[in-house]
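Being a predicted model, the structure only gives us computed values, none of them experimental.
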Amino acid sequence: MQTITYDAPPTVARFMKSESFFRLIAGPVGSGKTTGCIFEILRRACEQPPGSDGLRHTRFAIVRQTLKQIKDTILKDIMSWLGHVADHKVSENTVYITFGDVRSEWLLIPLEDIEDQRRLLSSQLTGAWMSEAIEMDVELVAAIAGRCGRYPSGARGVPHWFGVIADTNFPSIGSAWHTVMEISVPADWQVFQQPGGLEPDAENLNWLTQTEQTLKLALDHPARIAQGRLYYERLARSNNVDWVRRYVHAKYGEDPSGTAVFRESFKHSFHVAAEGIEPVHGHPLVVGQDFGRDPCSLICQCDHRGRLLVLAEVVAMDMGLENQLKLNLLPELRTERYMAKPVLVVGDPAGAAKSTHYEETSFDLIKRCGLNCMPAPTNDLDPRLRSVEALLGQQINGGAALVIDGQRCPMLVRALDGAYRYGKTRDGKRRPVPDKTHPFSDLADALQYVCLAVHGGLVIKFSGSMLRPTRTPKVIPVGAWT
């Protein structure tokens with residue numbers, strides 16, 4: 001029997017090891033996602049325990065938008081890797097995998113018409129694979145999930161594993177797929193993101209655009225990697241900016257509905273510290289606070305070099321300010337990471353207004369929770385945006401003056417990367433103010449309040465008041481009065 005050797009790229013390997021019911025791997029074109037999915041369902045077929053007839057029975061649906069796409073990509077890859085054990089029945093749109101005691105059916109199902117959808121939603125499946133998932137309606141995941149775990153049954157046994165896998169390139173910011181992949185990931189989902197094709201740790205370069213000479217070199221040989229990287233370098237030169245961003249750099253695309261607020265000033269590779277940032281000693285924390293029903297906080301700090309460090313984001317969903325402070329922000333500030341550091345909360349000046357039901361303002365509530373606070377100098381949009389732009393455009397010792405912890409502030413990074421944006425009117429004109437989209441606009445607002453406080457000298461003033469020694473009144477002898 002022919003031997004197949006497959007070495008999964010690092011992200012694909014983690015994807016295959018996961019036991020989550022729904023798993024999605026996203027990356028650039030050519031990164032080995034399709035091949036990884038082929039071997040994942042093959043592996044699951046081999047792991048299925050034999051039924052009473054001694055055979056391992058499984059059935060998988062492979063779903064893509066059109067039959068031509070399935071035949072041009074998936075089917076060709078299946079036959080290339082597994083042609084000696086695979087039999088494609090054209091009339092049934094099914095690939096039968098047969099070797100040893102393995103009996104696996106792979107149903108090739110497009111979504112071109114109602115009959116295709118009926119075939120999918122009436123199938124009894126072990127599992128399913130959604131190829132190029134962003135081309136389909138995200139609601140289809142639930143429908144497909146309901147068909148999995150139904151085969152085998154009876155004398156053929158029960159499924160050892162069942163679930164849904166998916167591969168895709170990156171969707172646009174604000175799309176339904178962006179929401180479930182990044183903002184509100186369902187509990188039984190797991191999303192794996194590959195590095196971009198021009199990143200140092202790009203995957204599958206050993207096999208892209210190789211020559212007869214480079215294929216003779218050892219895996220990961222510099223010349224072999226450089227040859228593979230040419231694939232992405234060519235793509236980066238020959239397509240539009242948004243396409244390159246999604247399909248080469250493996251990043252969420254620009255929302256076509258408007259313009260990113262900080263698109264010209266924010267540079268991900270320059271302003272985001274991928275390895276994380278630690279707070280420095282001797283400097284207070286400055287918390288930018290956005291109010292409202294979904295209040296968001298940004299824990300920041302000005303360091304000894306004059307940089308503004310954005311250390312962590314604290315995002316609330318459907319709760320008031322008091323619960324946000326007591327359940328989220330205060331427990332975070334009391335961790336060892338921030339312990340014993342003075343805290344100043346800078347918030348929306350509108351928080352100084354009293355509630356229609358209570359005499360207490362938002363700032364009164366913050367003080368009652370034991371935190372120093374003050375309103376930002378202004379709530380006018382133009383100076384708020386300019387305060388952020390000024391820090392984004394400034395350099396200190398050749399590095400960024402505004403540095404964001406990418407691990408602890410993923411939503412803020414997404415906001416600055418394009419999710420915080422101006423919408424468009426019906427006649428195609430840009431709206432004068434950014435769209436309100438939680439949590440992106442709320443975190444962007446919180447950052448603006450902090451930047452205003454930095455530019456207005458409020459942070460330096462607060463630092464001085466915290467470090468200034470307390471003066472004890474001099475005791476005057478009684479005799480001095482006579």
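- The ring pair (Phe, Tyr, Trp, His ring centres under 6.0 Å) test applied to His271 returns Phe266, not counting sequence neighbours.
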Query raised in the report: Step by step, would you call Ile225 with Asn206 a side-chain contact (heavy atoms from CB on, under 4.5 Å)?
Result: CA-CA 6 Å; Ile225 294 298; Asn206 281 298; 3.8 Å; yes

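- Remark: the backbone N or O of Gln210 is not paired with any side-chain donor or acceptor of Thr214 at under 3.5 angstrom.
- Side-chain atoms of Glu199 and Tyr232 form no donor-acceptor pair, as typed in the model, at a separation below 3.5 Å.
- Interatomic distance, CG of Asp442 versus CD of Glu313, reported as 11.5 Å (0.5 Å rounding).
- We find the CG-CD distance between Leu327 and Glu332 to be 13.5 Å, quoted to the nearest 0.5 Å.
- In this structure, the side chain of Thr126 engages the main chain of Tyr151 through a donor-acceptor pair within 3.5 Å.
- Counted by atom type alone, Arg234 and Thr209 present zero donor-acceptor pairs between their side chains at under 3.5 Å.
- Counting non-hydrogen atoms of neighbouring residues, nucleotides and ligands closer than 6.0 angstrom, the NZ atom of Lys267 exceeds 12 such neighbours.
- Here the straight-line distance linking atom SG of Cys148 with atom CD of Gln124 works out to 10.5 Å at 0.5 Å rounding.
- Rounding to the nearest 0.5 angstrom, the gap separating the OG atom in Ser31 from the OH atom in Tyr231 is 9.0 Å.
- Residue Val343 forms a side chain to side chain contact (heavy atoms under 4.5 Å, CB included) with just one option from Leu333, Val286, Ile299, Leu330, and that option is Leu333.
- A side-chain donor-acceptor contact under 3.5 Å links Thr58 and Ser104.
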